[in-house]
Engineer: 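Submitted below is the structure of interest, expressed as structure tokens.
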Number of protein chains: 2
Amino acid sequence: MNRPRITDVARLAGVSTATVSRALSRPERVSAETRATIERAIAETGYRLNHAARNLRHQRTGSIVALVPNLANPYFSQILSGIATVLSPAGYNLLVADTRTTNPLRYADPSHADGLIVLDGSVPPSVLIERPTVVVSEQIPGLSAPGVLIDNEAAAAMAVTHFADLGHRKIGHVTGPRGNVLTEQRLAGTERAASARGLPAPVLIEGDFSLASGRRAAQAWLEMTDRPTGMFLASDEMACGFIGELQRHGIGVPRDVSVIGFDDIEMVEHLTPGLTTIRQPRGAMGCVSAERLLAILNGNDDESDTILPVELILRASTAIPR
Amino acid sequence: MNRPRITDVARLAGVSTATVSRALSRPERVSAETRATIERAIAETGYRLNHAARNLRHQRTGSIVALVPNLANPYFSQILSGIATVLSPAGYNLLVADTRTTNPLRYADPSHADGLIVLDGSVPPSVLIERPTVVVSEQIPGLSAPGVLIDNEAAAAMAVTHFADLGHRKIGHVTGPRGNVLTEQRLAGTERAASARGLPAPVLIEGDFSLASGRRAAQAWLEMTDRPTGMFLASDEMACGFIGELQRHGIGVPRDVSVIGFDDIEMVEHLTPGLTTIRQPRGAMGCVSAERLLAILNGNDDESDTILPVELILRASTAIPR
DNA sequence: AAGGTTGATGCAACCGATTGCAGACCTAGC
DNA sequence: GCTAGGTCTGCAATCGGTTGCATCAACCTT
């Protein structure tokens with residue numbers, strides 16, 4: 001037995017398919033009596049709407065695609081989770097594409113998705129102009145899509161200011177890869193805040209956000225003659241690597257050096273010592289980006305960026321310098 | 001200007017839409033000459049196939065949905081990542097649904113997805129019978145879908161055997177919630193291995209896989225008069241909570257108690273001490289489950305379960321008892 | 001009572017492809 | 001020269017709904 005179609009319901013209810021369709025999508029356009037008959041027929045046949053057919057007619061797909069650089073990375077999956085909370089009640093499906101394994105071009109196609117949420121700053125803007133797009137976390141140069149961002153400069157300034165408040169004077173900063181938007185913004189904030197508090201220019205070490213580069217930064221720190229007492233690292237992963245490597249060399253955190261990270265990924269709460277860090281509101285970033293995209297799809301959006309507030313989470317990796 | 005349709009290409013090439021369609025899907029059925037003309041017309045119009053229309057005609061969706069209990073949990077996102085690697089080259093879209101915020105029934109519908117990969121053992125089997133389904137990690141009682149699983153009992157036995165090898169005699173086990181399939185299997189393995197090695201019956205503490213329940217287990221351990229020297233916890237999260245709480249009370253790991261976790265979630269490598277644990281091959285579980293589902297969709301599958309091997313990862317949280 | 005509303009319903013075109021069937025043409029075989 | 005077989009292509013139905021427009025009855029106005 002085949003799946004019942006709208007025709008079957010219509011026949012059983014003794015009305016046209018048009019009426020059944022209307023009873024489903026705009027019940028108020030159908031008389032109460034007919035509606036009841038139709039509902040009975042639907043129940044009897046076990047009819048269920050074919051979304052593919054409806055979507056074809058409506059020239060939409062009912063899906064939103066999220067482009068993530070690495071699905072296995074918890075940083076992104078928490079944003080995804082926020083996106084899902086908003087999309088699902090709105091009746092949209094969430095399609096997830098890992099840009100390492102999937103060609104993003106595939107989803108620029110209108111017959112795949114109604115809109116895109118881009119979590120990967122390295123996606124070429126040419127891919128994205130075809131569909132409504134919102135970018136999260138990383139702005140894409142050359143793309144005029146609304147972004148859901150944080151104020152990286154102010155966030156970095158918070159970290160440095162915290163060091164200053166504790167009495168640190170010699171600050172170090174481990175950056176992300178040079179040229180990256182996030183890197184430059186966090187660096188600018190670091191230098192601005194240091195100068196605003198009358199501290200000497202921060203010592204810079206280049207990293208690449210990865211754990212390994214944090215370890216290398218620790219080596220660099222160990223070799224310094226005049227070591228910074230407060231180290232601000234542009235990602236929590238680097239901070240983990242940094243602390244781990246120092247501990248291996250008998251350096252105490254925060255006894256010998258205070259450390260601040262960036263992101264507040266889940267694990268850093270459980271490190272010993274717990275990592276003081278800048279929390280990005282990842283769930284909220286996901287929610288807001290989904291809301292913004294839905295607004296665009298509904299035709300009421302203002303094109304502006306949304307800046308979400310960050311928070312300095314105080315844990316045990318920072319202390320007064322000795 | 002509207003998006004070009006197959007009709008536009010046909011008109012420009014001077015052929016029927018049927019021929020264009022064939023040139024696209026079965027080029028060998030079209031003469032080389034016509035094919036060339038059509039390709040030129042496609043290039044000129046910038047035509048791109050509408051997948052929604054094709055899928056409607058083919059009675060398929062081109063999407064596979066993954067049902068996850070919690071998208072923000074890295075344990076699941078790594079499985080998802082594995083799924084994505086397989087699905088994408090096969091031309092399928094990956095739809096992700098968080099069962100906390102989405103009604104799984106929505107995706108039982110054939111007009112939404114061609115098949116399901118279920119990572120949530122609590123999804124009622126009635127939802128799943130309608131579509132080809134593969135379950136991952138947790139078997140669902142009453143559902144006869146192929147599963148991609150690990151041998152939880154053997155895995156637990158590995159942990160206990162390791163304790164025995166180190167010379168521990170008094171073993172404790174923090175379980176998941178009683179009644180859960182995973183809980184019972186791991187418990188059975190724990191008890192079997194203990195008895196096989198001639199150890200006294202393990203001390204049991206009930207947990208629920210969460211960090212907080214690991215902390216509670218630590219309280220319970222602290223209050224014991226005859227404390228187990230080797231504690232095996234049924235999840236890494238619990239192990240984190242357990243160790244953190246003990247350290248807060250000045251108990252050294254592995255100095256005073258050795259600890260083994262379960263899962264090998266990413267963060268436990270970076271704890272101090274690094275956690276000895278049972279690694280579940282999450283990426284592989286994702287890959288295999290996707291492959292199995294594709295096999296079912298292509299009509300060649302054998303209905304059996306796939307058991308993937310686990311591995312005991314030795315780190316610094318286990319040592320010879322003092 | 002004629003004309004104007006309003007509300008409920010049906011007709012049939014449409015979304016954009018795919019495909020069974022049949023016709024046109026060509027070649028080869030006898 | 002005629003037919004069988006093969007290749008290439010087009011016609012038109014189909015997937016399963018949606019919706020603009022037309023129709024018609026009932027009710028309202030004046």
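Proteins come first, then strands; the chains are lettered A, B, ... in the order of their sequence lines, and each starts at number 1.
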Engineer: Donor-acceptor pairs are to be reported for all side-chain atoms of residues 19-29 of chain A against protein atoms at under 3.5 Å, with residues two or more places apart or in another chain.
Structural biologist:
from    : atom 1 : to      : atom 2 : distance (Å)
A:Thr19 : OG1    : A:Ser16 : OG     : 3.3
A:Ser25 : OG     : A:Ser21 : O      : 2.9

Engineer: Passes salt bridge (Lys or Arg N to Asp or Glu O under 4.0 Å), A:Asp8 versus A:Arg3? Steps please.
Structural biologist: CA-CA 10 Å; A:Asp8 304 316; A:Arg3 212 176 159 204; over 6 Å; no
Engineer: Does A:Asn93 reach the main-chain N or O of A:Ser63 with its side chain, forming a donor-acceptor pair under 3.5 Å?
Structural biologist: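 Here the side-chain-to-backbone pair does not exist.
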Engineer: Show, in sequence, the C-alpha distance, side-chain angles and deciding distance for B:Gln59 and B:Ser111, and conclude whether the side chain to side chain contact (heavy atoms under 4.5 Å, CB included) test is met.
Structural biologist: CA-CA 8 Å; B:Gln59 298 273 60; B:Ser111 68; over 6 Å; no
Engineer: Between the two end axes of the helix from C:dA1-D:dT30 to C:dC30-D:dG1, each built from 5 base pairs, what angle do you get to the nearest 10°?
Structural biologist: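 The value is 50°.
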Engineer: Before you tell me yes or no, could you show the steps for B:Leu80 and B:Leu71 under side chain to side chain contact (heavy atoms under 4.5 Å, CB included), namely the whole-Å CA-CA distance, both residues' side-chain angles and the distance that decides it to 0.1 Å?
Structural biologist: CA-CA 9 Å; B:Leu80 280 183; B:Leu71 193 41; 3.6 Å; yes
Engineer: At the 4.0 Å heavy-atom cut-off to chain A, mark where contacts on DNA chain D begin and end, going 5' to 3'.
Structural biologist: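 Counting from the 5' end, contacts occupy D:dC15 to D:dG20.
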Engineer: Checking side chain to side chain contact (heavy atoms under 4.5 Å, CB included) for the pair B:Arg292/B:Ser304: CA distance, chi angles, key distance, verdict?
Structural biologist: CA-CA 10 Å; B:Arg292 292 294 304 272; B:Ser304 65; 4.1 Å; yes
Engineer: Output, in order, the C-alpha distance, side-chain angles, deciding distance and verdict of side chain to side chain contact (heavy atoms under 4.5 Å, CB included) for B:Leu116 and B:Leu67.
Structural biologist: CA-CA 7 Å; B:Leu116 288 86; B:Leu67 298 180; 3.8 Å; yes
Engineer: Test of understanding: with salt bridge (charged side-chain N to carboxylate O under 4.0 Å, His left out), list the residues that count as partners of B:Glu44, not counting sequence neighbours.
Structural biologist: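 Once residues adjacent in sequence are excluded, B:Glu44 has no partner under the salt bridge (charged side-chain N to carboxylate O under 4.0 Å, His left out) criterion.
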Engineer: Output a table of nitrogen or oxygen pairs between the protein and nucleotides 17-19 of chain C separated by less than 3.5 Å.
Structural biologist:
from   : atom 1 : to      : atom 2 : distance (Å)
C:dA17 : OP1    : B:Tyr47 : OH     : 2.7
C:dA17 : OP1    : B:Asn50 : N      : 2.8
C:dA17 : OP2    : B:Ile6  : N      : 2.5
C:dA17 : O5'    : B:Tyr47 : OH     : 3.3
C:dT18 : OP1    : B:Arg54 : NE     : 2.6
C:dT18 : OP1    : B:Arg54 : NH2    : 2.9
C:dT18 : OP2    : B:Ser21 : OG     : 2.4
C:dT18 : O5'    : B:Ser21 : OG     : 3.4
C:dT18 : O3'    : B:His58 : NE2    : 3.2
C:dT18 : O2     : B:Arg57 : NH1    : 2.6
C:dT19 : OP1    : B:His58 : NE2    : 3.1

Engineer: I'd like to know whether A:Arg100 forms a side chain to side chain donor-acceptor pair (under 3.5 Å) with A:Asn70, so could you lay out the CA-CA distance, the side-chain angles of the two residues, the decisive distance to 0.1 Å, and finally the verdict.
Structural biologist: CA-CA 7 Å; A:Arg100 290 173 312 173; A:Asn70 177 2; 3.2 Å; yes
Engineer: Return a table of donor-acceptor pairs under 3.5 angstrom between the side chains of residues 132-143 of chain B and protein atoms on other chains or two or more places apart.
Structural biologist:
from     : atom 1 : to       : atom 2 : distance (Å)
B:Thr133 : OG1    : B:Leu128 : O      : 3.1
B:Thr133 : OG1    : B:Arg131 : O      : 2.8
B:Ser137 : OG     : B:Tyr75  : OH     : 3.3

Engineer: Starting at the 5' end of DNA chain D and moving along, which residue's nearest nucleotide shows up first, B:Gln59 or B:Arg35?
Structural biologist: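 The 5'-side residue here is B:Arg35.
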